[in-house]
Amino acid sequence: MATITAQATTYHNFIDGSWVPSVSGDVFENRNPANTDDLIGLFQKSSRTDAERAVDAAVRAYERWRLVPAPKRAELLFRAAQLLAERKEALARDMTREMGKVLDETRGDVQEAIDMTYFMAGEGRRQYGQTTPSELRDKFAMSVRQPLGVCAVVTPWNFPMAIPSWKIIPALVCGNTVVFKPATLTPLSALNFVKILEEAGVPPGVVNLVTGGGDEVGSVLTQHPAVRVVSFTGSTEVGRTVSERAAPSFKKVHLEMGGKNVVIVMDDAKLELAIEGCLWGGFGTTGQRCTAASRVVVHQQVYDTFVDTFAARARALRVGDGADPNVQMGPSVSRGQLETVQNYITIGRAEGARLVCGGRALTGGPHAKGFFHEPTIFADVAPTMRIAQEEIFGPVVSVIACKSLDEAVAIGNNVQYGLSASIYTQDVNRAFSAMRDLYTGIFYVNAPTIGAEVHLPFGGTKATGNGHREAGTAALDVFSEWKSVYVDFSGRLQRAQIDTADV
Ligand code: UN1
């Protein structure tokens, strides 16, 4: 690793409307995964005290922010969406530099944040409740959405701006305040996002950014009594810890965790379309999506043709620095992630799967200073193998043969996760029955398992989630709670369920 140079920019936390160093003054490095000589900057290694200060600021700011009318809050967010759109290119370039995915994809990531912010700005005028006839005369019955208070937002590195926007923006439009802890691998995109919120006029203390590791900052955010909501996206293992730590103080916990998503390719599928979908779904974002198409179940009638063509196309993908417009797949985000990929290749070989392409880290020439790996496909994978069961989060796809749709659906469901699934078929009956029977939160027909849009609920079943959904209006259910309101204007005591209204 290169030494820290004097020119490296030091970035600060954002607490109570000010950019401040951590109490300890400790920092950590952020380096480019395509070229580790490229030091992007130094970020605050925050401690418990920094996190507590951020929570205190958010508690204070809440008392004013909750009373700002929702359409007014939304106006600020609309302005933030405009700023994001104006700066899309620069934001995408920063993101490729710190995270590695190709520019087209980081532009898409920023676009997702823009879309979410515009969508939620609209929701500022649509936080509808219910009104319903009362059982009694001269009485109103209705329900209204209420904010909860301070929301802790803990986000991963694979969608460094999109995922924070899915959480922060609905939290704000509902009237909550936020303490945001981004992944240590992508603090710059997080900071860019918060700067835009500041510039759009979000008042001091309403959004606070605290960078640093999960142990110190994360433990405050999951246990502090003033934090009422924790929204977390990351691994199932960490999600379980978040859930356990938050339980004693009865926080509302929204978890979005692992995936082992399946694409089913039936014998009547348009094969070329399915192969393109599997390439994009399996190797987009270098396979580092919780929605990645990491399993492909293919009908035996088309299996050999599918495997041969899919492997040939994967072999031809150009791997390199995501900032190069000719590159189709960037590096893994870190050395640790690359090692995980290599480890699973050893596991797949030992399990007896047939390696049909890839399998090696790329280390020479343009790949010498980054965490690059070949797109890798295992064929003849048994559904019970670890490579078909465990989330790898890298460019590794397992292909499994099947004899029927029923068998494919059973294989699809036989994992601990339930995020996304897809089917390639021209038969509408097969498409609908697979949609009904695959136990996932997201389903695609003739498209890969990735590519969810911001206006529909996003999330999964089983070990992927805990019953909540983000995005769409479902996000409002995470970041608000119902208050039922009864207004009796009869001027006399009316006892519900005891007194009856006369006709
Ligand atoms: C993730 O994989 O962590 O649907 C999020 C998609 C993207 C979001 C992915 N819109 O693939």
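Atom set for the values below is all heavy atoms of this structure, side chains included, hydrogens, waters and symmetry mates excluded. As the structure lists them, so they are numbered: ligands from 1, and atoms in each ligand from 1. In this chain, numbering begins with 1 at the start of the sequence shown.
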Worksheet item: So which heavy atom in the protein is nearest atom 8 (C) of ligand 1, and how far is it from that ligand atom?
Response: Trp166 CH2, 3.7 Å
Worksheet item: Counting heavy atoms only, which part of Thr285 comes closer than 4.0 Å to ligand 1: side chain, backbone, both or neither?
Response: neither
Worksheet item: In terms of atom number and element, which parts of ligand 1 are under 4.0 angstrom from non-hydrogen atoms of Asn158?
Response: 1 (C), 2 (O), 3 (O)
Worksheet entry | Test: Arg93 and Glu89 ion pair at under 4.0 Å | yes
Worksheet item: Considering only protein heavy atoms, which is closest to atom 7 (C) of ligand 1, and at what distance to one decimal place?
Response: Arg289 NH1, 3.6 Å
Fill in: Minimum heavy-atom distance Pro457-Arg469, with the two atoms named
CB-CB, 3.8 Å
Discussion item. Check this for me: does any side-chain nitrogen of one of Asp268 and Arg430 sit under 4.0 Å from a carboxylate oxygen of the other?
Written reply: yes
Item to complete: Indicate, as side chain, backbone, both or neither, the part of Trp157 found under 4.0 angstrom from ligand 1 when only non-hydrogen atoms are considered.
Response: neither
Worksheet item: Do you know the tightest heavy-atom contact between Ser420 and Tyr444?
Response: OG-CE1, 3.4 Å
Worksheet entry | For atom 9 (C) of ligand 1, the protein heavy atom that lies nearest, with its residue and separation | Phe159 CE1, 3.6 Å
Practice prompt. Go through ligand 1 atom by atom and flag the ones less than 4.0 Å from a non-hydrogen atom of Ile163.
Written response: 3 (O)
Fill in: Residue-ligand contact Thr233/ligand 1, heavy atom below 4.0 Å
no
Worksheet item: Which ligand 1 atoms does Thr291 reach within 4.0 Å, using its non-hydrogen atoms?
Response: 2 (O), 6 (C), 9 (C), 11 (O)
Worksheet item: Does Lys101 make a cation-pi contact with Phe159 (under 6.0 Å, within 45 degrees of the axis)?
Response: yes
Discussion item. Less than 4.0 angstrom from a charged side-chain N to a carboxylate O is my criterion; do Glu105 and Arg289 meet it?
Written reply: yes
Discussion item. I'd like to know if Arg386 pairs up with Glu351 as an ion pair, taking the criterion as any Lys NZ or Arg NE/NH1/NH2 lying under 4.0 Å from an Asp or Glu carboxylate oxygen.
Written reply: no
Worksheet entry | atom 4 (O) of ligand 1 - nearest protein heavy atom and its distance | Ala452 N, 2.7 Å
Response to the item:
Gly451 heavy atoms within 4.0 Å reach ligand 1 at atoms 4 (O), 6 (C), 11 (O)
Discussion item. With a heavy-atom distance limit of 4.0 Å, tell me whether Glu256 approaches ligand 1 through its side chain, its backbone, both, or neither.
Written reply: neither
Practice prompt. Out of Gly234, Cys290, Gly284, indicate the one that has the non-hydrogen atom closest to atom 3 (O) of ligand 1.
Written response: Cys290
Fill in: Shortest non-hydrogen contact between Ile423 and Ala434, atoms and distance
CD1-CB, 3.9 Å
Worksheet entry | Output field: ring centroids Phe393/Trp157 closer than 6.0 Å | yes
